[in-house]
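Below: the structure, in structure tokens.
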Amino acid sequence: METPLLLLGLELRCPPHLFNTHSRPSSSLSLPALSLRILTSTAATISTAVVESPATVAEAPRSKPHSNFYLKRKSAISEVQRSSDFLSSLHRLERVLKVQDLNVILRDFGISGRWQDLIQLFDWMQQHGKISVSTYSSCIKFVGAKNVSKALEIYQSIPDESTKINVYICNSILSCLVKNGKLDSCIKLFDQMKRGGLKPDVITYNTLLAGCIKVKNGYPKAIELIGELPHNGIQMDSVMYGTVLAICASNGRCEEAENFIQQMKVEGHSPNIYHYSSLLNSYSWKGDYKKADELMTEMKSIGLVPNKVMMTTLLKVYIKGGLFDRSRELLSELESAGYAENEMPYCMLMDGLSKAGKLEEARSIFDDMKGKGVKSDGYANSIMISALCRSKRFEEAKELSRDSETTYEKCDLVMLNTMLCAYCRAGEMESVMRMMKKMDEQAVIPDYNTFHILIKYFIKEKLHLLAYQTTLDMHSKGHRLEEELCSSLIYHLGKIRAPSEAFSVYNMLRYSKRTICKELHEKILHILIRGNLLKDAYIVVKDNAKMISQPTLKKFGRAFMISGNINLVNDVLKVLHGSGHKIDQVQFEIAISRYISQPDKKELLLQLLQWMPGQGYIVDSSTRNLILKNSHMFGRLLIAEILSKHHVASRPPIKSRSEPKFRST
DNA sequence: GTAGGGTTAG
């Protein structure tokens, strides 16, 4: 709910024209970026020199006594920080405190979580014109950690266009968006900033890249961003290689990860434990334990000691590679190193074993873990419940769910879903309802899985209308519907004579932009015809005629001729014919007799009769007689003229006259 | 006087 609102908010609050300024940042403002670039891209000797000089400058004042004014400012800062009514202290010390002093206080408020004070101070600084670039960047950083839209509001409130494209401020707001998982809006804003004249630096790009790590489609986006670097004169640094490697790893691109490691070595950066961790993680996708072992050897040879993350990741590789004996050994190593104090590595192994069909071995890890008193938040139980369900041991799964409910007060969505699933599979209606109530009470927002589990269960319990309601709910919450489940629901709704509900499910599926299987059109068509929802049936036919079988089209055509909306009869016939379907005589007969019984539709009858010969159709003799008998209603002359065309058309063409010769005898 | 990186079970 919050996401779309926020995204919309961004667009509303950042109309493009605000960014279309052509002002450029002053040269002094881009200096920090320049010095960073020097720091990161030059040889170690130079960078040492650059780093050392500010350090000596900073130490210099210590030998000299501080000026009176400096000491006054210092004490003013701490007075405001400690004051119970800081606004009045501020008012009193207004003349002493410089902008940078206020910034110090602002950051202090941010670090100690005094949000209200931070906002008040920021407002005060704005009102008194004591505001700088640092004020904005710090304020956005701290506010954004709690409230992104407020941070965006602050960013948008910056009156000066050139300040708005200050790289520090831009990095700060972009980082806020990334940290809140709003990569799309982040990229949008970034593009606007660039158009406004922002000169992004290495940190800007790294911030954006960090946003690509855990999103789907993050890899191509990252590659695109990396492609922009040369154009902006930016060299990748060690941190950026770390980010990029993490992206490769989370997308299973191990070859690309290897290439980046190679490239960074060539550029003179030596990989650290983070770089190696990501490379190792990239091997976990295919469970490439051979490469993982080689990597561990290389890493140790250059003196890096594997840490908890590294060893846990290695465990993941072994599990994925199906090396369960070595996984158990490694788990023991983690235990003795003190790296298995929480349930995570046990969970990984249990899950891997259960997915490999080794339920008993998973169970033994689970019991082992419980016996050791490993700290658990309930995930281990949840994995075990899933494992039991996977092996269709629903009674045990249900028992363990009960157990989890009493042991763990707090349940997250995944745990709730797992228990819900267990109760559904075991057919425990009461418990299912209890879980739903629990979710409601804890204000847990159901996800795709929750809906899927419930719908499947309701269908199983023949609560088809409830399943339908839940599907509507699922759809309205923006979740993708699954075809197989919908198809089953459509079938059952058809059976219980709920054709409009069935059609609504069909439409939700159809308009969620996916290609759906051919049989579904046919299935819904039968339901609609049986339910006499012929106008809806017509829509299905019109859009999918090519995918529907001839007998079903025929069935539809006849049903429509008999009781479909008379004004649509000609359209239906044209659509059927246009799809390549050969309309049979019976359909024309029914249509025409209906027209005759409703003289006010005579125009439609004339249109139909005029249309038929051109498509190779003629009326049969009984229909012809019927028309002639009623021709006074249409004008005898006109009817005679039209029917004469039917007569001509009824004669076989010259070519086919010779056919009987071949066919007979 | 401001901004940036790695692993994790369901």
| request: Quick one: label A:K141 by what it contacts on the DNA or RNA (base, sugar-phosphate, nothing), any heavy atom closer than 4.0 Å. | output: sugar-phosphate
| At under 4.0 Å between heavy atoms, what does A:D412 touch on the DNA or RNA strands: base, sugar-phosphate, or nothing? | base
Between [N] ([atom2]) and [X] ([atom1]): distance, integer Å:
| X | N | atom1 | atom2 | result |
| --- | --- | --- | --- | --- |
| A:M311 | B:dG6 | CE | P | 22 Å |
| A:Y205 | B:dG5 | OH | P | 17 Å |
| A:I365 | B:dA9 | CD1 | P | 17 Å |
| A:K370 | B:dA9 | NZ | C1' | 14 Å |
| A:Y276 | B:dT7 | OH | C1' | 17 Å |
| A:Y283 | B:dT7 | OH | P | 16 Å |
| A:D377 | B:dA9 | CG | C1' | 11 Å |
| A:I383 | B:dA9 | CD1 | P | 8 Å |

Listed partners of [X] passing side chain to side chain contact (heavy atoms under 4.5 Å, CB included), at least two apart:
| X | value |
| --- | --- |
| A:E361 | A:R328, A:L353, A:K358 |
| A:Q100 | A:R73, A:K98 |
| A:K392 | A:F394, A:R425 |

| Where at least one partner belongs to residues 227-268 of chain A, residue pairs that pass ring pair (Phe, Tyr, Trp, His ring centres under 6.0 Å), sequence neighbours excluded | A:Y241-A:H269
[X] side chain, from C-beta outward: closest of [options]:
| X | options | value |
| --- | --- | --- |
| A:N206 | B:dA3, B:dG4, B:dT7 | B:dG4 |
| A:T312 | B:dT7, B:dA9, B:dG1 | B:dT7 |
| A:D237 | B:dG4, B:dT7, B:dT2 | B:dG4 |
| A:N272 | B:dT7, B:dG5, B:dT2 | B:dG5 |
| A:V239 | B:dG6, B:dT2, B:dG5 | B:dG5 |
| A:I273 | B:dT7, B:dA9, B:dG6 | B:dG6 |
| A:V309 | B:dT7, B:dA3, B:dG4 | B:dT7 |

| query | Going by heavy atoms closer than 4.0 Å, what residues in residues 207-215 of chain A are next to DNA chain B? | reply | A:T207, A:A210, A:I213, A:K214
| Can you pull the salt bridge (Lys or Arg N to Asp or Glu O under 4.0 Å) pairs that have at least one residue in residues 408-418 of chain A, sequence neighbours excluded? | none
| query | Centroid-to-centroid, A:F190 to A:Y205, below 6.0 Å? | reply | yes
Side-chain N,O ([X]) to OP1/OP2 ([N]) below 4.0 Å:
| X | N | result |
| --- | --- | --- |
| A:N103 | B:dG1 | yes |
| A:S134 | B:dG1 | yes |
| A:K98 | B:dG1 | no |

| A:T163 side chain to A:N166 side chain, donor-acceptor N/O pair below 3.5 angstrom | no
| query | In terms of side-chain heavy atoms, does A:K370 have a donor or acceptor partner in A:N381 at a distance below 3.5 Å? | reply | yes
